[in-house]
Amino acid sequence: TKKNPIECAICGIKGKIKAAEKIADPVIKIVIKPKPDPKETELERSTCGDSQKANMYILSPANEVKNVLVIVEDVKKGKAAPKTDLLIDNTKCVFEPIVGIAYKGSNFKIKNSDPLLHNTNLGLLLTETTRRSVYNLALPNKDQVITKPVRAIGLIIVKCDAHDWMRGYAYASEHPYVAITDASGNFEIKDLPAGKYKVRIWHEGFKEVNKTVDV
């Protein structure tokens with residue numbers, strides 16, 4: 001009934017990420033280094049196993065890709081980042097989750113669910129080959145949790161210095177406009193103020209893609 005169109009002041013973006021073809025997920029072979037105490041060697045072997053699925057390429061039957069980060073950059077206004085902590089668990093010698101979102105002003109909660117030493121090393125990715133250490137945390141005890149504030153912003157690589165095959169990723173953001181694709185490759189970023197944005201699409205096994213979108 002109004003002559004003037006209704007403009008969208010608060011909108012969002014959503015989409016689906018698919019691979020062009022099926023890609024097999026690698027299998028990681030695990031080699032346990034012998035310890036002075038044979039019981040410790042056996043405990044580590046029984047906890048970690050002798051191989052693991054990499055869970056790098058998690059694709060649906062339709063080649064929809066899980067664990068893709070979708071990041072809206074250069075956001076000048078909108079909602080504040082949620083006060084939600086990111087739990088990174090060392091469990092069965094795997095980081096869970098492999099990909100997560102952390103928010104500035106909240107915390108990393110680093111947990112060790114295994115009965116052996118893990119050393120969780122969080123490093124901010126500066127270039128494709130260099131990273132700056134953010135936290136380097138020894139967790140020698142089962143069910144130990146260390147809480148640290150999220151300060152550095154950007155893509156963080158998570159490693160275990162005691163088990164070189166372990167890896168994970170976290171994007172630390174100043175705002176809530178970041179998403180991770182689900183098992184069907186879907187993502188949705190809500191409540192994004194109208195405007196033009198650069199959207200960064202990142203996955204550990206694929207080439208990074210950058211898009212400009214009008215919201």
Side-chain angles (χ1 to χ4, degrees), residues 8-15 17 55 58 66-91 94-114 118-126 131-139 141-160 166-204 208 210-211 213 215:
C8 175
I10 301 293
C11 312
I13 58 175
K14 64 180 179 179
I17 307 295
N55 286 326
I58 305 178
K66 184 179 179 181
N67 284 339
V68 179
L69 278 165
V70 182
I71 305 155
V72 181
E73 298 188 327
D74 300 325
V75 178
K76 298 297 189 291
K77 58 183 179 179
K79 292 187 174 182
K83 298 297 183 182
T84 305
D85 295 339
L86 174 62
L87 175 67
I88 300 175
D89 192 4
N90 296 259
T91 177
V94 174
F95 288 120
E96 176 62 39
I98 288 180
V99 183
I101 299 172
Y103 298 101
K104 190 174 182 180
S106 298
N107 299 298
F108 294 107
K109 288 186 174 292
I110 312 300
K111 181 178 180 181
N112 181 10
S113 292
D114 291 338
H118 285 296
N119 194 88
T120 303
N121 189 325
L122 287 78
L124 182 68
L125 189 66
L126 302 178
R131 57 195 287 272
R132 172 170 59 83
S133 182
V134 177
Y135 293 114
N136 195 350
L137 308 170
L139 295 98
N141 303 316
K142 188 180 187 309
D143 296 325
Q144 183 178 359
V145 178
I146 298 177
T147 300
K148 291 290 184 180
V150 179
R151 291 174 178 157
I153 300 304
L155 184 61
I156 291 174
I157 312 299
V158 187
K159 296 183 177 182
C160 177
M166 292 178 63
R167 92 276 181 232
Y169 307 91
Y171 187 82
S173 177
E174 294 182 294
H175 57 70
Y177 307 115
V178 183
I180 300 172
T181 55
D182 62 17
S184 298
N186 295 318
F187 71 90
E188 183 172 13
I189 298 174
K190 298 180 178 180
D191 301 329
L192 182 63
K196 180 175 285 188
Y197 297 96
K198 180 181 176 182
V199 178
R200 180 184 180 189
I201 301 167
W202 184 92
H203 180 278
E204 64 169 321
E208 182 176 317
N210 292 278
K211 299 281 188 180
V213 298
V215 176

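- Judged by distance alone, with hydrogens and angles left aside, the side-chain atoms of Asp182 form a donor-acceptor pair with the main-chain N or O of Gly185 at under 3.5 Å.
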Side chain to side chain contact (heavy atoms under 4.5 Å, CB included) evaluation trace for Leu139 with Ile146: CA-CA 8 Å; Leu139 295 98; Ile146 298 177; 4.0 Å; yes

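- Between Val134 and Ala152, the closest heavy-atom pair is CG2-CB, 4.2 Å.
- Between the side chain of Asn67 and the backbone N or O of Val99 there is no donor-acceptor pair closer than 3.5 Å.
- Contact record, Val145 with Lys109: CG1-CB, 4.4 Å, taken as the closest heavy-atom pair.
- Looking at Arg131, its side chain does come within 3.5 Å of a backbone N or O of Ile157 through a donor-acceptor pair.
- Atom CD1 in Ile101 sits 8.0 Å away from atom OG in Ser173 (nearest 0.5 Å).
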Start with the C-alpha gap between Arg167 and Glu204, add the side-chain angles, then the distance that decides, and say whether side chain to side chain contact (heavy atoms under 4.5 Å, CB included) holds. CA-CA 10 Å; Arg167 92 276 181 232; Glu204 64 169 321; 2.8 Å; yes

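- In terms of heavy atoms, Val72 sits closest to Ile189 at CG2-CD1, 3.8 Å.
- Counting only N and O atoms by type, the side chains of Asp143 and Asn112 include no donor and acceptor under 3.5 Å apart.
- Interatomic distance, CG of Asn107 versus NZ of Lys148, reported as 10.5 Å (0.5 Å rounding).
- Thr181 places a side-chain N or O within 3.5 Å of a backbone atom of Val68 that can act as its donor or acceptor partner.
- Of the possible donor and acceptor atoms, one in the side chain of Ser106 sits under 3.5 Å from a partner among the backbone N and O of Thr84.
- Of the candidates Phe108, Tyr135, Tyr171, Phe108 is the only one forming a side-chain contact (heavy atoms from CB on, under 4.5 Å) with Ile156.
- At distances below 3.5 Å, at least one donor-acceptor pair connects side-chain atoms of His175 with backbone N or O atoms of Tyr177.
- Around NZ of Lys142, the count of heavy atoms belonging to other residues, nucleotides or ligands within 6.0 Å exceeds 12.
- Ser184 places no side-chain N or O within donor-acceptor distance of the main-chain N or O of Asn186, the cut-off being under 3.5 Å.
- A salt bridge links Asp191 with Lys79: the distance from a Lys NZ or Arg NE/NH1/NH2 to an Asp or Glu carboxylate oxygen falls below 4.0 Å.
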